[in-house]
Amino acid sequence: MLANIAIGMLETSSIAKGIEATDAMCKMAQVELVKVNIVARGKYTILIKGPVGEVESSLRAGVNMAGKSVVDQFILRNVHQQVIDSLDKRRPVAALDAFGMIETKEAISAVRAADAAAKASLVHLIETKVVVGGGKGYVSMTGEVGSVRTAIGAGIATVPEGQLISHIVIPQPDVQLVKTVAS
């Protein structure tokens, strides 16, 4: 299910420029500031959501303000609702059918992978974590084995070269695993 909204993310190499860009983004357009983070190595991430045109305008203002400190940026138009629901929060499940995870070097890559995975196959996104130690990101999911494999394949296809750390599919996870990854 598509959310009929967009999310945008901007990552800067400067905390101060990131804060200044956040202000410019919020003033430029009617967007919701979902999350800001100080990430390892002094980087700053800004995540917004709203109508596509508003997110585009807002992100453009942030990029202009951040200037040379921009590390990465992206917009996901018509983002899958599960991505929004799983951003930095766990969506509990009672049991795991198959379990899959994509781990990336950068937070932005994990969000892209989550959207592609959710759109490619019938899976339940458990969590899309955008700030893990060292600036990493990951997305975890469950579903039928074939669905999880398809979703993982689609997700890793969106991860830029050199950004993928690892990906897994566990066909029949032990029942104890649900306590650590899905509750």
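All values derive from a computational prediction rather than experimental measurement. Every heavy atom of this structure was used, including side-chain atoms; hydrogens, water molecules and symmetry mates were not. For reference, positions follow the sequence shown, starting with 1.
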Quick check for you: to the nearest 0.5 Å, what is the distance between Thr104 atom OG1 and Ile156 atom CD1? 12.0 Å
Please find the pair of heavy atoms, one from Ala98 and one from Thr142, that lie closest to each other, and give the distance. O-OG1, 2.7 Å
Would you say Leu122 has more than 12 foreign heavy atoms packed within less than 6.0 Å of its CG? no
Lys35 side chain reached by Leu87 side chain, heavy atoms, under 4.5 Å: no
Quick one: does Ile75's side chain get under 4.5 Å of Glu56's, heavy atoms only? yes
Applying side-chain contact (heavy atoms from CB on, under 4.5 Å) between Thr128 and each of Ile84, Asp85, Val111, report the one that passes. Val111
On a heavy-atom basis, the closest approach of Ser109 and Pro160 is OG-CD, 3.5 Å
For the CG atom of Leu47 and the CD atom of Glu11, what is their distance to the nearest 0.5 Å? 11.5 Å
Any sub-3.5 Å donor-acceptor pair from Lys49's side-chain atoms to Ile5's backbone N or O? no
Please report the closest heavy-atom contact between Ile165 and Lys136, naming both atoms and the distance. CD1-CE, 3.5 Å
To check you understand the geometry: which heavy-atom pair defines the closest contact between Ala107 and Met9, and what is its length? CB-CE, 4.0 Å
Under 4.5 Å between side-chain heavy atoms, counting indirect links through other Ile/Leu/Val/Met/Phe/Trp/Tyr residues: same cluster for Val130 and Val36 or not? no
Does any non-hydrogen side-chain atom of Val71 lie less than 4.5 Å from one of Ile108? no
Same cluster (ILVMFWY, side-chain, under 4.5 Å), Ile7 and Ile48: no
Evaluate the side-chain proximity of Tyr44 to Lys17: yes if any heavy-atom separation is below 4.5 Å, no if none is. no
Indicate if Val93 and Tyr138 have the same hydrophobic cluster label, given that clusters are the connected sets of ILVMFWY residues with side-chain heavy-atom separations under 4.5 angstrom. yes
Minimum side-chain heavy-atom gap Lys43-Glu106 below 4.5 Å: yes
Any link between Met25 and Val70 through a network of hydrophobic side chains (Ile, Leu, Val, Met, Phe, Trp, Tyr) touching at under 4.5 Å? yes
If you measure from OG on Ser140 to CZ on Arg90, what distance do you get to the nearest 0.5 Å? 7.0 Å
Does Ser14 offer a backbone N or O that forms a donor-acceptor pair with the side chain of Thr12 under 3.5 Å? yes
Closest approach of Leu59 and Phe74, non-hydrogen atoms and distance? CD2-O, 3.5 Å
Separation between CD of Gln81 and CG of Leu125, rounded to the nearest 0.5 Å: 11.0 Å
With a 4.5 Å heavy-atom cut-off, do Leu177 and Ile170 have their side chains touching? yes
If we ignore hydrogens and angles and just use 3.5 Å, is the side chain of Ser57 paired with the main-chain N or O of Glu54 as donor and acceptor? no
Hey, could you give me the OG1/CD distance between Thr150 and Glu144, rounded to the nearest 0.5 Å? 10.5 Å
Please round to the nearest 0.5 Å and tell me the distance separating atom OG of Ser166 and atom NZ of Lys105. 12.0 Å
Contact summary for Ile168 and Ile152, nearest pair of heavy atoms: O-CD1, 4.0 Å
Hey, does the side chain of Gln82 reach the backbone of Ala118 with a donor-acceptor pair shorter than 3.5 angstrom? no
